[in-house]
Amino acid sequence: MKKLFGGINLTWKKLILLAVVAGVYTAVMAIIPDLKYTSFSTIVATFEVWIFFGIFIIMNSKSAKDSALKCFVFFLISQPLIYLLQVPFSWQHWGLFSYYKYWFIWTILCLPMGYIGYYMKKDKWWGYLILFPMIILTAYCYITYLAYFTFSYPKYALICLFCIGAMIIYPLYIFNNKKIRIFGLIISLALIIFVTVNGLMNPYRYETYIMGNGKTYSFDDTYKVYLEDKKYGDVNIEYLDSVEDYMIKVSFKKEGKTKIILEDQEGNKKTYNITIKRDTYEISD
């Protein structure tokens with residue numbers, strides 16, 4: 001592991017190859033629909049894996065200038081390649097590149113971040129201050145994916161473990177100074193414990209309105225509504241002034257399949273199948 005953070009001869013040829021592989025891999029993860037709600041697709045949207053790539057490049061660079069240029073070139077190649085490979089598969093086609101503006105800003109910022117990041121190799125206390133924002137960003141990603149994990153178990157387990165592992169490994173293998181390593185490990189463990197406890201005590205819920213009264217569904221506030229299996233969440237009928245009609249408010253607790261049941265005053269029931277995902281759902285007869 002120590003070799004990974006400073007023991008590799010990272011030539012320009014290897015860097016460019018790494019950038020191409022990272023770009024192709026990320027694009028594939030974005031293209032395959034079945035991977036959308038999994039740990040494998042998270043690299044498409046959030047920083048945690050890209051932080052790892054950045055630190056890997058910094059720690060295996062030969063100078064601050066070398067670090068800045070290699071970080072910049074790595075992201076200059078990998079990020080547009082991700083969008084380019086998705087173009088034939090996206091309904092937006094070339095319009096997909098509108099999202100690249102955000103990543104281009106981060107690519108430009110890689111020049112100063114790569115330059116400053118190199119000084120973590122000096123093994124000084126202030127080197128940990130350079131690393132700390134990356135620890136915080138990784139912790140923030142862990143907050144997100146722990147929430148998704150509680151909703152979609154066992155999905156997102158791998159990315160949660162990655163975030164935990166990264167927060168522990170960075171201070172231990174970037175620095176040689178024992179005091180810095182212990183201090184950094186304590187900070188990382190404290191963050192991990194805090195985020196984990198908070199995430200488990202306040203699990204993620206997907207809340208929305210579904211099945212408005214009308215041609216497809218017919219009900220009012222005299223009806224009862226409930227899920228066949230209550231572990232999937234809570235449902236109730238509400239009148240919405242914005243649509244001037246009744247809708248069903250749902251607060252889903254977990255991903256899966258169950259049935260939603262509407263029951264009138266005479267006990268007549270209408271049952272619908274519902275498939276729940278993290279931020280969407282499907283209803284069928």
Subject >> Evaluation steps, side-chain contact (heavy atoms from CB on, under 4.5 Å), between Glu238 and Met247 >> reply: CA-CA 6 Å; Glu238 289 188 4; Met247 293 192 73; over 6 Å; no
Do [X] and [Y] belong to the same hydrophobic cluster, where Ile, Leu, Val, Met, Phe, Trp and Tyr are linked whenever their side-chain heavy atoms lie under 4.5 Å apart, directly or via other members?
X	Y	answer
Val73	Trp106	yes
Ile164	Val195	yes
Leu81	Val21	no
Tyr217	Ile261	no
Ile276	Tyr209	no

Subject >> Any residue meeting ring pair (Phe, Tyr, Trp, His ring centres under 6.0 Å) with Phe89, in chain and number order, not counting sequence neighbours >> reply: none
Subject >> Results of ring pair (Phe, Tyr, Trp, His ring centres under 6.0 Å) for Tyr140 - residues two or more places apart only >> reply: none
Main chain of [Y], side chain of [X]: is a donor-acceptor contact present, judged purely on distance under 3.5 Å?
X	Y	value
Asn268	Asp264	no
Lys224	Gln265	no
Glu244	Leu240	no
Ser67	Ser63	no
Asn273	Lys259	no
Ser39	Ile159	yes
Ser78	Gly23	no

**OP:** Indicate, with yes or no, if the rings of Phe149 and Tyr145 have centres closer together than 6.0 Å.
**Re:** no
Original post:
Do Trp103 and Tyr83 have ring centres separated by under 6.0 Å?
Top reply: no
Between [atom1] of [X] and [atom2] of [Y], what distance do you get to the nearest 0.5 Å?
X	Y	atom1	atom2	value
Ile8	Leu18	CD1	CG	9.5 Å
Lys65	Leu69	NZ	CG	6.5 Å
Met134	Phe47	CE	CZ	9.0 Å
Asp220	Tyr246	CG	OH	6.0 Å
Leu4	Asn60	CG	CG	7.0 Å
Leu262	Ile260	CG	CD1	6.5 Å

Side-chain touch [X]/[Y], heavy atoms, less than 4.5 angstrom:
X	Y	value
Glu207	Val250	no
Trp126	Tyr119	yes
Leu17	Lys13	no
Cys71	Ile58	yes
Tyr118	Ile130	no
Cys141	Leu137	no
Ile274	Thr258	yes
Val225	Phe219	no

Residues forming a side-chain contact (heavy atoms from CB on, under 4.5 Å) with [X], sequence neighbours excluded:
X	value
Asn198	Asn202
Tyr25	Met29, Phe40, Ile43
Lys14	Asn9, Leu10, Thr11
Ala147	Tyr204

Heavy-atom closest contact ([X] atom, [Y] atom, distance):
X	Y	answer
Tyr142	Cys163	CB-CB, 3.8 Å
Ala22	Thr26	O-OG1, 2.7 Å
Ile82	Ala27	O-CB, 3.7 Å
Leu131	Met120	CB-SD, 3.6 Å
Thr196	Leu146	CA-CD2, 3.5 Å

Subject >> Working for side-chain contact (heavy atoms from CB on, under 4.5 Å), residues Arg205 and Asp234 >> reply: CA-CA 10 Å; Arg205 286 197 174 204; Asp234 304 311; 3.0 Å; yes
Which atom pairs, donor and acceptor, lie under 3.5 Å between side-chain atoms of residues 185-193 and protein residues at least two apart or in another chain?
residue: Ser188; atom: OG; partner: Met167; partner atom: O; Å: 2.5
residue: Ser188; atom: OG; partner: Gly184; partner atom: O; Å: 3.2

**OP:** Report, as yes or no, whether the 6.0 Å neighbourhood of atom OH on Tyr153 holds more than 12 heavy atoms from other residues, nucleotides or ligands.
**Re:** no
Subject >> ring-ring contact (aromatic ring centres under 6.0 Å, His included) contacts touching residues 183-202 (sequence neighbours left out) >> reply: Trp125-Phe183, Tyr128-Phe183
Original post:
Which pairs, with at least one residue in residues 61-82 and sequence neighbours excluded, count as a ring-ring contact (aromatic ring centres under 6.0 Å, His included)?
Top reply: Trp50-Phe75, Phe53-Phe74
**OP:** Ignoring hydrogens and angles, state whether a donor on the side chain of Thr138 or Glu48 is under 3.5 Å from an acceptor on the partner side chain.
**Re:** no
Original post:
With no hydrogens and no angle check, do the side chains of Asn177 and Asp123 hold a donor and an acceptor under 3.5 Å apart?
Top reply: no
Original post:
Would Leu35 and Thr38 count as a side-chain contact (heavy atoms from CB on, under 4.5 Å) if you check the C-alpha gap in whole Å, the side-chain angles of each, and the deciding distance to 0.1 Å?
Top reply: CA-CA 5 Å; Leu35 296 179; Thr38 69; 4.0 Å; yes
**OP:** Hey, could you give me each pair passing salt bridge (Lys or Arg N to Asp or Glu O under 4.0 Å) that has a residue in residues 249-258? Not counting sequence neighbours.
**Re:** Lys155-Glu255
Throw together a table of side-chain donor-acceptor distances under 3.5 angstrom for residues 278-285, partners on residues two or more places apart or in other chains.
residue: Arg278; atom: NE; partner: Tyr156; partner atom: OH; Å: 3.2
residue: Arg278; atom: NH1; partner: Tyr148; partner atom: OH; Å: 3.3
residue: Asp279; atom: OD1; partner: Tyr37; partner atom: OH; Å: 2.5

Without placing hydrogens or testing angles, list every side-chain donor-acceptor pair under 3.5 Å for residues 93-100, not counting sequence neighbours.
residue: His93; atom: ND1; partner: Ser90; partner atom: O; Å: 3.4
residue: Ser98; atom: OG; partner: Gly95; partner atom: O; Å: 2.9
residue: Tyr99; atom: OH; partner: Gln92; partner atom: NE2; Å: 3.4

**OP:** Go through the steps for Trp12 and Lys70 under the test side-chain contact (heavy atoms from CB on, under 4.5 Å), then give the verdict.
**Re:** CA-CA 8 Å; Trp12 279 101; Lys70 283 179 175 174; 3.6 Å; yes
